[in-house]
Amino acid sequence: MNTLKGQSLLTWLDYSEAEIRFLLELSLQVKAEKRRGERHQRFLGKTIALLFEKRSTRTRCAFETAFGEEGGHPVFLSTADIQLGAKESIEDTARVLGRMFDAIQFRGFKQTTVETLAAYAGVPVYNGLTDSFHPTQALADIQTLEENFGPAKGKKLCFIGDGRNNVARSLMVISSKLGVHFTVITPESLVPDTDLVKTCTGIAEESGARIRISQDVSEVEGADALYTDVWASMGEEAQKEKRVQLLRPYQVNQALMDRTGRKDTIFLHCLPAVKGEEVTSDVIDGPQSRAWDEAENRKHTIKAIMLATL
Ligand code: CP
Ligand code: NVA
């Protein structure tokens, strides 16, 4: 798809429904190629810089293996390795990396950092998670939903937990684009910010999505998928005890899974999980969990994003 060439991925807000659908199809294709044992070298001679301010298992490994197995050369750079705002501005770092690499992935704290990288690098920049958004995760989540229930439009996805976190926000954006009925179930003090809700509600009018924010766990009724994430995200460790108290009634356990009234409801989690807090072991390790397929799909969706934009 020509419109995707050279594009960065910062939030999904500037992607069309057709572009996201194209990426989902491409991801299924690369997953099937992998299953058949096909080898391709579509990134031969290309390089990507992988910048990490925060830790990662899945995102780093997905980018590194997806790029490397296609013949490309990924270079991992943590903040212990490069300046990135410490002794050199983000703008200058972006200008230099853009001269040496074909693409850049950034994981870190501020959304403004990834936006500045994209503005100055002159090559595609991928958001591998900031405090505000986790867009590559949301694509893998939708792929996993579709592998179980077919096209995402009209499906019901409920996020239960810290409603203002990066994962909940990205799910809200992608759901509004694709026509997924998305409900955030969270205490009043953790609702996603009004501006983003307003933006997504506006987008939803076109796609047919229903975006809801609620404090009531009984809203899981009829859901195709229940989704949760850690109660204290990276960088919020100091708030952990307070969050555990606040979010205990929002734990995803078998009783909550049963409240959907459906036996085929699936459980999703971006991982890493704190078992016994936001989800019980019997759910995440049980028959309704698709968390492990979802983790694998990170790699296929990330490969699809890079293939389409490079
Ligand atoms: N889901 C996810 O982003 O995992 P990592 O933090 O391990 O990359
Ligand atoms: N909300 C979590 C997601 C981890 C993939 C965090 O930011 O730590």
Side-chain angles (χ1 to χ4, degrees), residues 9-12 27 48 50-67 74 76-79 104-111 113-114 126-145 157 159-174 184-187 190-193 196 225-240 242-244 246-247 250-252 267-275 277-279 284 289-306:
L9 171 56
L10 304 178
T11 66
W12 291 124
S27 179
I48 185 169
L50 304 177
L51 310 186
F52 283 84
E53 289 179 341
K54 291 177 177 172
R55 290 184 185 193
S56 168
T57 300
R58 281 142 290 270
T59 308
R60 175 186 176 176
C61 295
F63 271 100
E64 225 173 293
T65 59
F67 202 71
F76 175 81
L77 298 163
S78 77
T79 36
I104 298 168
Q105 183 276 167
F106 172 80
R107 163 171 289 203
F109 294 91
K110 293 185 189 150
Q111 180 69 16
T113 306
V114 75
Y126 311 117
N127 178 358
L129 180 148
T130 62
D131 291 346
S132 308
F133 293 105
H134 196 3
T136 64
Q137 177 70 50
L139 193 66
D141 302 337
I142 297 294
Q143 175 170 337
T144 313
L145 184 71
L157 170 64
F159 180 95
I160 303 112
D162 174 10
R164 35 141 299 285
N165 87 5
N166 41 18
V167 169
R169 289 163 51 94
S170 279
L171 285 171
M172 185 158 69
V173 175
I174 205 164
V184 182
I185 303 175
T186 191
L190 294 176
V191 295
D193 71 273
L196 188 70
L226 300 194
Y227 195 123
T228 191
D229 183 13
V230 288
W231 287 343
S233 287
M234 288 180 275
E236 299 182 334
E237 289 73 15
Q239 296 173 56
K240 169 112 177 173
K242 217 171 79 193
R243 288 281 172 77
V244 171
L246 182 65
L247 285 166
Y250 295 84
Q251 181 187 66
V252 179
F267 170 74
L268 297 173
H269 193 307
C270 56
L271 303 175
V274 185
K275 297 180 188 180
E277 288 190 7
E278 74 273 8
V279 61
I284 192 166
S289 174
R290 296 294 179 275
W292 319 108
D293 293 338
E294 187 184 3
E296 179 193 329
N297 287 339
R298 296 296 309 287
K299 173 168 175 165
H300 308 303
T301 44
I302 281 172
K303 187 186 275 189
I305 291 163
M306 295 191 293

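Please read all numbers here as calculations on a predicted model, not as lab measurements. Atoms within a ligand are numbered from 1 in the order they appear, just like the ligands themselves.
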With only distance considered, is K54 within less than 3.5 Å of ligand 2 through an N or O on each side?
no
Would one find an N or O of N166, backbone or side chain, under 3.5 Å from an N or O of ligand 2?
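Among all N and O atoms of N166, at least one is under 3.5 Å from an N or O of ligand 2.
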Which of these, K54, R107, R55, has its nearest heavy atom closest to atom 6 (O) of ligand 1?
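The nearest heavy atom belongs to R107.
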Just going by heavy-atom distances, which of H134, H269, R58 is nearest to atom 3 (O) of ligand 1?
H134
Applying the side-chain contact (heavy atoms from CB on, under 4.5 Å) test to F133, which of L9, L196, V167 qualifies?
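Considering L9, L196, V167, a side-chain contact (heavy atoms from CB on, under 4.5 Å) with F133 is found only for L196.
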So for ligand 1, is Q137 a polar contact partner (N or O within less than 3.5 Å, distance only)?
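Among all N and O atoms of Q137, at least one is under 3.5 Å from an N or O of ligand 1.
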What I want to know is whether M234 and ligand 1 share at least one N or O pair that is separated by under 3.5 angstrom.
no
List the atom of P74, the atom of F67, and the distance in Å for their closest heavy-atom pair.
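Closest approach of P74 to F67, heavy atoms only: N-CD2, 3.9 Å.
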Counting only heavy atoms, which portion of L271 has something under 4.0 Å from ligand 1: side chain, backbone, both, or neither?
backbone
Q105 versus I302: any side-chain heavy-atom pair under 4.5 Å?
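No, too far: nothing below the 4.5 Å cut-off.
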Using the rule side-chain hydrogen bond (donor to acceptor under 3.5 Å, both in side chains), only one of E278, E294, K275 pairs with H269; which is it?
E278
Using side-chain hydrogen bond (donor to acceptor under 3.5 Å, both in side chains) as the criterion, point out the one residue from D131, T59, T79 that pairs with K54.
D131
Identify the protein heavy atom lying closest to [atom], giving its residue, its atom name and the separation to 0.1 Å.
atom: atom 4 (C) of ligand 2; answer: L129 CD1, 3.8 Å
atom: atom 2 (C) of ligand 1; answer: R298 NH1, 3.2 Å
atom: atom 3 (C) of ligand 2; answer: D229 OD2, 3.6 Å
atom: atom 7 (O) of ligand 1; answer: T57 N, 2.6 Å

Heavy atom of L271 under 4.0 Å from ligand 2?
yes
At a 4.0 Å threshold, what atoms of ligand 2 neighbour a non-hydrogen atom of N165?
1 (N)
Which of the numbered atoms in ligand 2 are under 4.0 angstrom from any heavy atom belonging to M234?
6 (C), 7 (O), 8 (O)
No-hydrogen, no-angle side-chain donor-acceptor test under 3.5 Å, Q111 and T130:
yes
Looking only at side-chain N and O atoms, does S27 offer a donor or acceptor that is under 3.5 Å from a partner on Q143?
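Side chains of Q143 and S27: pair found under 3.5 Å.
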Salt bridge flag under 4.0 Å for residues R60 and E64
yes
Quick one: does any side-chain atom of W12 pair with a main-chain N or O of P135 as donor and acceptor, under 3.5 Å?
yes
